[in-house]
K.L.:
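My structure is below; once you've seen it, I'll send some questions.
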Amino acid sequence: SCAGVPSALFRRVTVDGKAQHYLLHDPGEASESRPVLLFLHGAHTHIYPEFLWGDLRDLVKKNPVAREFIILAPFGSFGEAIATLSETKRKSDRFYNK
């Protein structure tokens, strides 16, 4: 699992022999079927994936409609580059190292 992510939210599935990780908010039993929301993250959580669970937590906490949805938040996709090295783009990492 990812450091800092509550294990109750963390899930893993294997598709075509490759592990995929995601977070799941499941509001529990319902008398009717529930809608499903695919929560796609942006650059902020791509750089720091441990923040994804906080975004999901805040969505559920602040939005009573979303609280009733099953929410699936994937960490990445097959073939998605984890990092792309560049000779021209440079910035400090989260610890302010160059």
K.L.:
So, does Arg12 use its side chain to make a donor-acceptor pair with the main chain of Tyr22 at under 3.5 Å?
P.N.:
no
K.L.:
Start with the C-alpha gap between Leu52 and Phe39, add the side-chain angles, then the distance that decides, and say whether side-chain contact (heavy atoms from CB on, under 4.5 Å) holds.
P.N.:
CA-CA 10 Å; Leu52 179 58; Phe39 186 86; 3.8 Å; yes
K.L.:
Test of understanding: with salt bridge (charged side-chain N to carboxylate O under 4.0 Å, His left out), list the residues that count as partners of Arg11, not counting sequence neighbours.
P.N.:
none
K.L.:
Would a distance-only check, ignoring hydrogens and angles, find a side-chain to backbone donor-acceptor pair under 3.5 Å from Arg34 to Glu68?
P.N.:
yes
K.L.:
Between Phe69 and His25, is the ring centroid distance below 6.0 Å?
P.N.:
no
K.L.:
What distance do Lys62 atom NZ and Arg57 atom CZ have between them, rounded to the nearest 0.5 Å?
P.N.:
8.5 Å
K.L.:
Apply the side-chain contact (heavy atoms from CB on, under 4.5 Å) test between Leu24 and each candidate in Leu56, Ile70, Ile71; give the one that qualifies.
P.N.:
Ile70
